[in-house]
Amino acid sequence: MSDFVRIVEVGPRDGLQNEKQPVSTADKIALIDRLSATGLRSIEATSFVSPRWVPQLADAADVYAGIHRRPGVAYPVLVPNEQGYARALAAGVQEVAVFTAASETFNRTNTNAGIDESLARFEPILRRAADDGVRVRGYVSTVLGCPYQGEVPVSEVVRVARALHGMGCYEISLGDTIGVGTPRKARAMLEAVAADVPMQALAVHFHDTYGQAVANIASCVEAGVRVVDSAVSGAGGCPYAKGASGNVASEDAVYLLHGMGLQTGVELELLAEIGRWLSALFGRPTGSRVGKAMAAT
Ligand code: HMG
Ligand code: MG
């Protein structure tokens, strides 16, 4: 098993989408450019969703045009439909991420479509992406619980992950959107999906609402997953998931993984500085325990 874990930094997208206070385009670009210098290999840059639904990211094309794309770093963006895909393509994007859920009610709240309807929306995107040479990542949300339906059957997570992989998504990120999961449950869910989709094509995406995200990552990494989503300073949350809070902080994920003897290629000091800079922008302390500890020593 490889000892390299790829961190997918989702701060510029998941981290900012839930912020009420507007963030300037220049600050978004600065955030991404600073993250590009830390050794990260994947930085989710923004989201080409409807600006009515997520006003904070209405400047997606300007952000994408303004960043310095470092060779060797992927800058995926979220797209919900063909309209978003067309906007992303026009902006010069080389990787997109489509998103659906394992819970019908959440998916309707988030995208105004049922699960199967959203999967059907993705088919033409994947066909076009294959022709355009664009890579597509797929997200499954609410894999460990739904804010509206409660328990989510693992069989639904498996079904949706298999469908996304089957239609050509190179990687499936399993999202605990509201951060309710615990390590054994998270691992059991991951292993159930891995029985149908190769572990190398899976990623985990934990929100930290109940403080379990680091423990969940440790448990899933022990089970073999090698891609972890996180957001610098622990920013984030889905505006359409009641009660959702920040992502696991990238600083905390990197500290954990290095402590487990794994490599990420990420310079923790630089990441922690960016986390403090971003939190200062919002006028609050960093949400990263590691970031706080490093500032105090
Ligand atoms: P809808 O209202 O059903 O869409 O929303 P529509 O097709 O009827 O269009 C309505 C209007 O939006 C039209 O404009 C369209 O042109 C426009 P109007 O004619 O009224 O002026 N529109 C767009 N504009 C720009 N770009 C587009 C686009 N699409 C439509 N792509 C829709 C359906 C999917 C668009 C909407 O529900 C949406 O954008 N939802 C996104 C919500 C979102 O971004 N949620 C957060 C991301 S998911 C997440 O955070 C979870 C994750 O982190 C994993 C985890 O934690 O679990 C990934
Ligand atoms: Mg998320």
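No hydrogens, no waters, no symmetry mates; every other heavy atom, side chains included, goes into these values. Sequential numbering from 1 along the given sequence is applied to the chain's residues. For ligands, and for the atoms within them, numbers begin at 1 and follow the listed sequence.
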Output yes when Arg6 and Glu171 qualify as a salt bridge under the 4.0 Å nitrogen-oxygen rule, no when they do not. yes
Taking Asp116 first and then Arg159, would you say they form a salt bridge - that is, a charged N and a carboxylate O separated by under 4.0 Å? yes
When you check the side-chain N and O atoms of [X] and [Y], is any donor under 3.5 Å from an acceptor?
X      : Y      : result
Asp229 : Ser173 : yes
Thr111 : Tyr240 : no
His165 : Asp196 : no
Asn247 : Ser230 : no
Asp33  : His68  : yes
Ser141 : Asn110 : no

Could you tell me whether [X] approaches ligand 1 through its side chain, its backbone, both or neither, with non-hydrogen atoms closer than 4.0 Å?
X      : answer
Gln56  : neither
Asp14  : side chain
Ser141 : both
Glu44  : neither
Val49  : both
Val10  : neither
Asn81  : side chain

Say whether [X], considering both its backbone and side-chain N or O atoms, lies within less than 3.5 Å of an N or O atom on ligand 1.
X      : answer
His205 : yes
Leu78  : no
Gln17  : yes
Phe99  : no

Run the numbers for me: atoms of ligand 1, each under 4.0 Å from some heavy atom of [X], listed by number.
X      : value
Cys238 : 46 (C), 50 (O)
Gly84  : 31 (N)
Val54  : 43 (C), 44 (O)
Thr111 : 33 (C), 34 (C), 37 (O)
Asn112 : 1 (P), 3 (O)
Pro80  : 31 (N), 34 (C)
Asn110 : 37 (O), 40 (N), 41 (C), 42 (C), 43 (C), 45 (N), 46 (C), 48 (S)

Do Arg135 and Tyr170 meet the cation-pi criteria used here (NZ or CZ under 6.0 Å from the six-membered ring centre, within 45° of the axis)? yes
Check whether more than 12 heavy atoms from other residues, nucleotides or ligands sit under 6.0 Å from atom [atom1] of [X], and answer yes or no.
X      : atom1 : answer
Arg284 : CZ    : yes
Tyr210 : OH    : no
Arg289 : CZ    : no
Glu82  : CD    : yes

Checking contacts now, so for atom 18 (P) of ligand 1, which I'm interested in, is there any protein heavy atom under 4.0 Å? yes
Given Tyr255 and Ser288, is the side-chain hydrogen bond (donor to acceptor under 3.5 Å, both in side chains) satisfied, shown in steps? CA-CA 11 Å; Tyr255 182 87; Ser288 163; over 6 Å; no
Could you tell me if any non-hydrogen atom of Pro51 lies under 4.0 Å from any atom of ligand 1? yes
Tell me how many protein N, O or S atoms are closer than 2.8 Å to the Mg ion (ligand 2). 3
Among all protein heavy atoms, pick the one closest to atom 49 (C) of ligand 1 and tell me residue, atom and distance. Arg13 NH1, 3.6 Å
